[in-house]
4 protein chains.
Amino acid sequence: MNKRSAEETKQQILVAARKTFAGQGYAQANMRRIALEAGISVGGVYLHFKNKEELYQTLQREWMDQLNRNTINALRDSSEPAEAIASFITTSIEFVRCNREMINLTGRETNFSFNSELKRGFFRERRRLIADLIDQGIAAGTFRPCDSAEAARIIFNILRGFVLSMVIDEDALFSPEGCVDLVLNGLVRREKQ
Amino acid sequence: MNKRSAEETKQQILVAARKTFAGQGYAQANMRRIALEAGISVGGVYLHFKNKEELYQTLQREWMDQLNRNTINALRDSSEPAEAIASFITTSIEFVRCNREMINLTGRETNFSFNSELKRGFFRERRRLIADLIDQGIAAGTFRPCDSAEAARIIFNILRGFVLSMVIDEDALFSPEGCVDLVLNGLVRREKQ
Amino acid sequence: MNKRSAEETKQQILVAARKTFAGQGYAQANMRRIALEAGISVGGVYLHFKNKEELYQTLQREWMDQLNRNTINALRDSSEPAEAIASFITTSIEFVRCNREMINLTGRETNFSFNSELKRGFFRERRRLIADLIDQGIAAGTFRPCDSAEAARIIFNILRGFVLSMVIDEDALFSPEGCVDLVLNGLVRREKQ
Amino acid sequence: MNKRSAEETKQQILVAARKTFAGQGYAQANMRRIALEAGISVGGVYLHFKNKEELYQTLQREWMDQLNRNTINALRDSSEPAEAIASFITTSIEFVRCNREMINLTGRETNFSFNSELKRGFFRERRRLIADLIDQGIAAGTFRPCDSAEAARIIFNILRGFVLSMVIDEDALFSPEGCVDLVLNGLVRREKQ
DNA sequence: GATGAATGAGATTTCATTCAT
DNA sequence: AATGAATGAAATCTCATTCAT
């Protein structure tokens with residue numbers, strides 16, 4: 001029985017849970033493994049988290065908060081809409097890359113009732129943010145008039161696809177630069193450049 | 001005991017499995033339920049499929065073949081690169097929409113070892129197909145010169161995102177037209193139109 | 001894997017459950033022990049009963065039905081109210097004696113929500129039956145006028161006490177004859193006999 | 001950390017234990033809850049009571065002592081046997097009513113090995129007391145000659161039934177007056193009154 | 001071919017008790 | 001005296017798979 005502070009242990013469990021959920025998905029991951037990985041007894045985990053679900057949710061909330069903070073910081077520095085869009089895409093991809101584990105477990109386990117609402121709201125916010133940036137671009141005359149909500153959904157889905165690629169096949173991943181270029185300029189050649 | 005041909009029974013199992021896996025995911029779905037849904041005994045399922053994994057893989061292969069056929073048919077009719085890209089995107093989205101169930105289970109359960117290699121190869125092929133279309137467009141002078149492989153990956157990831165949106169939050173879905181428009185023309189305003 | 005008919009196995013489980021619940025009470029009794037006693041695997045028990053609670057409830061319903069049948073049979077033969085009361089008491093005590101196990105588990109585990117309503121209704125019926133018999137006796141002039149419902153409750157509680165005595169201390173048990181005598185005649189000496 | 005005298009703390013634990021055991025039964029009640037309710041740490045409970053069982057036993061002993069005191073006080077005032085019997089019954093029922101909690105947990109949890117012997121002896125004493133009162137009544141000519149031990153057991157079982165009714169279904173409870181009336185006079189009409 | 005009862009391993013969760021602080 | 005984190009055993013329940021019929 002190795003005595004640690006509650007908070008310290010809790011963090012160790014979260015680290016272990018992140019790793020385990022990521023590696024095997026929610027359903028497959030088991031508490032025994034998480035406990036083992038955290039260097040604690042199985043019962044010990046339940047001292048800090050009511051159950052498997054709560055443990056999972058804690059992780060979810062964690063990465064959402066982190067991504068939120070990162071995005072806000074990134075956008076603070078960009079004045080131009082095109083630059084802002086680029087910033088948003090780059091930050092998102094960067095985040096996914098740096099938090100491979102957290103994300104790994106988010107691409108799956110989709111239709112948990114306890115999970116959905118939280119995530120849906122979070123994602124809705126992010127789409128709204130993109131749409132706002134596009135609207136600003138249109139207003140400024142930089143972007144061509146278009147359905148900003150629709151465009152926002154598409155951009156959002158590119159990034160969502162990136163997450164899945166992270167999990168399924170890394171050779172499907174793309175660079176932020178390439179993405180920004182396509183999103184801003186499209187495939188079709190411009191008459192005069 | 002309803003006498004059926006082996007093939008007939010097998011199909012019924014597949015239908016039941018599709019429904020069950022889709023509704024609950026691989027881990028949660030159980031063989032007893034699939035058997036029940038198929039109107040067959042538990043043991044009966046094992047006469048037609050070695051185990052749960054094989055049953056799952058069979059479903060996977062099925063939808064890949066179907067999507068392959070659909071794509072080939074769609075591209076046969078389009079002569080222009082831009083039209084071909086549009087066709088690819090539209091067909092893909094159409095397929096996902098019509099095969100909600102099959103897809104539902106593909107968005108999750110990603111990193112099963114038994115599952116990955118098969119899917120990875122399939123997806124690689126599809127990316128190559130898009131890249132070829134882009135290359136043709138560049139050669140024809142319709143598309144501006146760019147890294148076709150990168151662009152292909154991005155387009156592929158948009159569609160991949162669509163699949164996840166299907167499962168997570170339907171309000172994140174976009175239309176084929178909007179997607180084609182953004183992919184071809186980008187956000188930025190063109191000088192002369 | 002010893003194949004038996006489902007019904008046969010179910011009965012064996014019920015026998016085992018009766019013994020186990022009786023010996024240790026609902027909370028203390030465990031499914032492993034019941035399975036062991038029934039000569040079946042733990043999982044096997046769940047093939048026949050959804051869960052511990054359902055298994056318990058089945059037992060409850062069983063003894064209530066049995067006691068109901070016994071009581072009806074006994075009362076059919078008695079024409080006089082005094083004789084009917086005697087019959088009711090005797091049958092009840094006889095039943096408890098012969099079904100020591102079933103009863104054992106009924107004295108305890110009282111405030112299960114799933115348990116209470118069923119039993120409460122059953123017991124209410126039995127009290128009503130006694131009250132009816134007393135009313136008949138009063139109407140016939142054999143019994144002195146009194147609050148029949150109250151008397152019925154008291155008689156019912158004597159029998160209920162018998163059940164507890166069965167479980168707690170057998171030396172507190174009494175004979176049907178003694179009980180009938182006290183209930184009919186009371187303690188106080190009669191002036192003229 | 002609230003400094004209290006050992007005795008004070010012990011009392012607080014007993015109060016908490018009474019509440020918790022009563023509310024959930026022995027098996028379901030857990031030490032953490034008891035500690036919480038007592039405003040003490042889990043480990044703290046173990047400084048005052050060797051284990052769960054000892055804590056439970058202490059409570060048992062407590063209510064037995066209390067009931068003993070009450071009974072002695074009640075009987076001190078009654079000179080007539082009939083009055084004494086009435087007093088015994090009334091006091092017992094009164095006690096059960098006022099100590100609902102204690103009783104609640106006694107009605108359940110019957111055959112704990114650690115519990116039985118203590119309770120059995122206590123109950124034996126009480127039956128003997130009733131038998132003595134009846135013998136006095138017979139000797140005095142107030143009561144008709146009968147098997148006093150048997151009658152005592154029956155009266156004792158009525159009261160025991162009352163306890164169970166308290167726990168199972170309150171509509172089965174009876175009044176001390178009705179009980180005394182039935183016990184003294186029985187159901188059968190007296191020729192001359 | 002087909003059945004479905006049975007298995008057995010493993011999942012989540014609970015909790016009395018201990019012990020380093 | 002007191003704390004409360006940790007343990008470890010055991011409980012309920014699930015399920016892919018097997019196999020006697």
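Labels below follow one simple rule: chain letters A, B, ... track the order of the sequence lines, proteins then strands, and each chain is numbered from 1. Keep in mind the model is a prediction, meaning the values are calculated, not measured.
- Remark: C1' of E:dT14 and CD of D:Gln24 are 13 Å apart, rounded to the nearest angstrom.
- Regarding D:Glu54, its CD atom lies at a distance of 11 Å from the P atom of E:dT17, rounded to whole Å.
- Across the interface with DNA chain E, nearest-nucleotide mapping of A:Gly43 and D:Val42 shows A:Gly43 to be the residue nearer the 5′ end.
- Checking F:dA10 for Watson-Crick or G-U wobble geometry (two distances, each under 3.5 Å) identifies E:dT13 as its partner.
- In a base pair of the Watson-Crick type (N1 to N3 plus N6-O4 or O6-N4) or a G-U wobble (N1-O2 and O6-N3), with each distance short of 3.5 Å, E:dT21 is matched with F:dA2.
- Distance CG (B:Leu47) to C1' (F:dC19): 11 Å, rounded to an integer number of Å.
- Checked for salt-bridge contact, C:Glu117 and C:Arg120 meet the test: a charged N lies under 4.0 Å from a carboxylate O.
- At the heavy-atom level, B:Ala29 lies under 4.0 Å from the strands shown only through sugar-phosphate atoms.
- Nearer the 5' end of DNA chain F, as judged by each residue's closest nucleotide, is the contact made by A:Gly44, out of C:Lys52 and A:Gly44.
- C:Glu8 places its CD atom 12 Å from the P atom of F:dT21, with the value rounded to the nearest Å.
- For the pair C:Asn51 and C:Met31, the tightest heavy-atom approach, listed with the atom from each and the gap, is C-CE, 4.4 Å.
- Taking 4.0 angstrom as the limit, C:Ser41 places a side-chain polar atom (N or O) nearer than this to OP1 or OP2 of E:dT7.
- With rounding to whole Å, A:Met31 atom CE is found 7 Å from E:dT12 atom P.
- Between A:Trp63 and A:Phe123, the angle of the ring planes lies from 30° to 60°, which puts this pair in the tilted group.
- Phosphate proximity of E:dT13 to A:Tyr46: present, with a side-chain N or O under 4.0 Å from OP1 or OP2.
- B:Gln28 places its CD atom 14 Å from the P atom of E:dA11, with the value rounded to the nearest Å.
- Taking all atoms of both residues into account, the shortest heavy-atom contact from B:Val45 to B:Ala35 is CG2-CB, 3.7 Å.
- OP1 or OP2 of F:dA10 has not a single side-chain nitrogen or oxygen of C:Arg32 nearer than 4.0 Å.
- Rounded to whole Å, the distance from OH on A:Tyr56 to P on E:dT12 is 14 Å.
- Atom-to-atom, CD1 of A:Ile40 to P of F:dA6 comes out at 5 Å; the value is rounded to the nearest Å.
- Relative to the ring axis of B:Phe49, B:Lys10 places its NZ or CZ within 45° and under 6.0 Å from the centre.
- Taking the nucleotide of DNA chain E with the nearest heavy atom to each of C:His48 and D:Asn51, the more 5' of the two is matched to C:His48.
- Distances shown here put every side-chain N or O of D:Thr9 at or beyond 4.0 Å from the OP1 or OP2 atom of F:dA1.
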